[in-house]
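Keep in mind that the numbers below use all heavy atoms, side chains included, and drop hydrogens, waters and symmetry copies. As the structure lists them, so they are numbered: ligands from 1, and atoms in each ligand from 1. Positions are given from 1 along the sequence.
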Amino acid sequence: MSTPSGSVTVPFTDQGQRFADDREAVLQLVSNALTEGPELDGPVVRRLEQRCAGMVGRRYARAVGSGTDALTLALRAARVGPADEVIVTNFSFVASAAPISVVGAIPVFVDIDPYSYLMDLDSVSSAITNRTRAIIAVGIFGRALPPKPFEDLASERGLTLIEDAAQALGAVRDGRLAGSLGQISAVSFDPLKVVGGITTGGMVLTDDPAIHERVRVLSSQGFNSCTGKFELLGCNSRMSTLNAAVLNYELDRYAQAFAQRRHAADTYLSGLAEHRYLRLPQCWAQHEIGNLHKFVIATEARGSLQRHLAKDGIETKIHYSTALSDLPIFCGSRSDAVHRSQIAARTVLSLPIHPQVSEQDLQYVVASINRWAP
Ligand SMILES: Cc1ncc(COP(=O)(O)O)c(C=O)c1O
């Protein structure tokens with residue numbers, strides 16, 4: 001299969017086709033949402049919250065406007081603020097760390113395990129000082145962190161453990177679901193996530209009633225509907241009935257979407273196993289099921305491979321091209337030895353793994369990569 005130069009044969013995502021097979025069902029959800037009302041924070045949203053809490057084994061869930069808001073609200077609810085240090089991975093989307101700076105605290109970046117790209121526990125441990133208030137434990141690329149070692153470390157050192165499960169909903173590690181790690185978890189329902197809405201969305205999950213209550217008030221302009229008073233300086237971060245209706249629908253389809261992603265991952269893993277110049281992701285470590293949000297390969301000759309694939313009409317992305325400590329926006333941050341995350345930023349390449357990618361597309365991508373050498 002060849003393509004006229006510049007045209008895309010296999011897109012990285014195919015949002016236009018996302019509801020191609022069930023447009024009628026989704027239009028019915030829209031119609032129901034229009035008649036059900038209220039538009040924000042209604043019973044459909046409550047149902048989504050209950051389902052998410054039940055799914056990951058938390059007592060409370062609060063739907064908010066985005067995963068970024070969920071992390072910011074988690075930090076504020078935990079009373080993290082100016083001069084506090086918060087430890088976070090050096091290799092993630094910017095939103096894992098930006099909320100730390102937004103609440104006036106100091107991000108402390110730590111290095112990753114070079115195989116899983118997950119933040120490294122020993123590096124977290126060595127970065128703790130007497131100013132450390134919290135750890136943000138990030139489940140990158142749809143993988144969950146081992147819960148017990150992180151929870152043990154946080155509780156031994158008296159730190160708040162916040163989980164950034166933005167990419168990891170559905171992932172399991174050591175029998176625990178992502179979204180259940182530490183005191184507070186933040187999830188993203190951005191349309192490109194494994195469970196994605198039709199607009200941005202997020203969820204704060206916790207077992208602590210005081211944290212839940214503070215998030216509820218902060219996310220509604222500081223208004224406490226129980227007392228009828230504005231009690232805190234908050235923000236407006238709520239979810240619409242429409243988005244929650246689509247998310248409830250997507251939760252119902254999770255198993256099917258996961259099976260499609262797993263098939264794509266297995267096809268890449270077996271088709272590319274013999275390639276001499278690639279490092280394939282560890283998708284199936286012991287006691288772990290990732291949600292396959294991303295399929296990330298690595299090569300020192302990334303530019304050459306990305307150009308080769310683009311010529312064949314295969315769209316790829318780089319998650320992430322810069323280690324967070326190298327971003328000028330984090331100029332007041334601290335970081336120790338972070339060279340593994342800098343190597344990752346130089347070498348990683350994400351292949352298309354969305355549920356709409358066809359068998360033919362997968363074979364086409366595999367064949368194209370196997371024709372490439374640096
Ligand atoms: C690791 C990580 N954290 C936080 C976020 C922020 O989520 P949102 O885009 O819903 O604000 C994202 C979004 O992609 C993410 O990948």
Between Ser180 and Glu151, what is the shortest heavy-atom contact and its length?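 Minimum heavy-atom contact is O-OE2, 3.9 Å.
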Might you confirm whether atom CZ of Arg253 has over 12 heavy atoms from other residues, nucleotides or ligands at distances under 6.0 Å?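 Yes - once you tally the heavy atoms of other residues, nucleotides and ligands closer than 6.0 Å, there are more than 12.
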Please check if atom CG in Asp252 has more than 12 non-hydrogen atoms from other residues, nucleotides or ligands closer than 6.0 Å.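 Correct, the count exceeds 12.
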Polar side chain donor-acceptor pair, Asp190 to Thr200, under 3.5 angstrom: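 Absent: no donor and acceptor within the cut-off.
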Would you kindly say whether Asp22 and Tyr249 are connected by a side-chain donor-acceptor distance under 3.5 Å?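 Present: a donor and an acceptor within the cut-off.
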Proximal ligand 1 atoms for [X], defined as those under 4.0 Å from one of its heavy atoms:
{"X": "Gly67", "result": "6 (C), 7 (O), 8 (P), 10 (O), 11 (O)"}
{"X": "Ser92", "result": "1 (C)"}
{"X": "Ala166", "result": "2 (C), 3 (N), 4 (C), 5 (C), 12 (C), 15 (C)"}
{"X": "Ala95", "result": "4 (C), 5 (C), 6 (C)"}
{"X": "Thr68", "result": "6 (C), 7 (O), 8 (P), 11 (O)"}

Steps toward side-chain hydrogen bond (donor to acceptor under 3.5 Å, both in side chains) verdict (Arg216, Asn224): CA-CA 8 Å; Arg216 190 178 71 78; Asn224 189 342; 3.0 Å; yes
Looking at ligand 1, does Thr200 have a heavy atom less than 4.0 Å from it?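 Under 4.0 Å: no for Thr200.
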Sub-4.0 Å heavy-atom approach of Ser96 to ligand 1: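 Distance cut 4.0 Å: Ser96 passes for ligand 1.
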Around [atom], find the nearest protein heavy atom and jot down its residue, atom name and distance.
{"atom": "atom 13 (C) of ligand 1", "result": "Lys193 NZ, 3.1 Å"}
{"atom": "atom 9 (O) of ligand 1", "result": "Ser188 OG, 4.0 Å"}
{"atom": "atom 16 (O) of ligand 1", "result": "Gln167 NE2, 2.8 Å"}
{"atom": "atom 12 (C) of ligand 1", "result": "Phe93 CD2, 3.5 Å"}

Please say which of Ile136, Leu75, Val86 ends up in a side chain to side chain contact (heavy atoms under 4.5 Å, CB included) with Pro99.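 So, applying the side chain to side chain contact (heavy atoms under 4.5 Å, CB included) to Pro99 and each of Ile136, Leu75, Val86, only Leu75 qualifies.
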Return the orientation label for the Trp372 and Tyr277 ring planes: parallel under 30°, perpendicular over 60°, tilted otherwise.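 Geometry flag for Tyr277 against Trp372: perpendicular rings.
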Is there a polar contact, in the sense of an N or O pair closer than 3.5 Å, between Asp164 and ligand 1?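 Yes.
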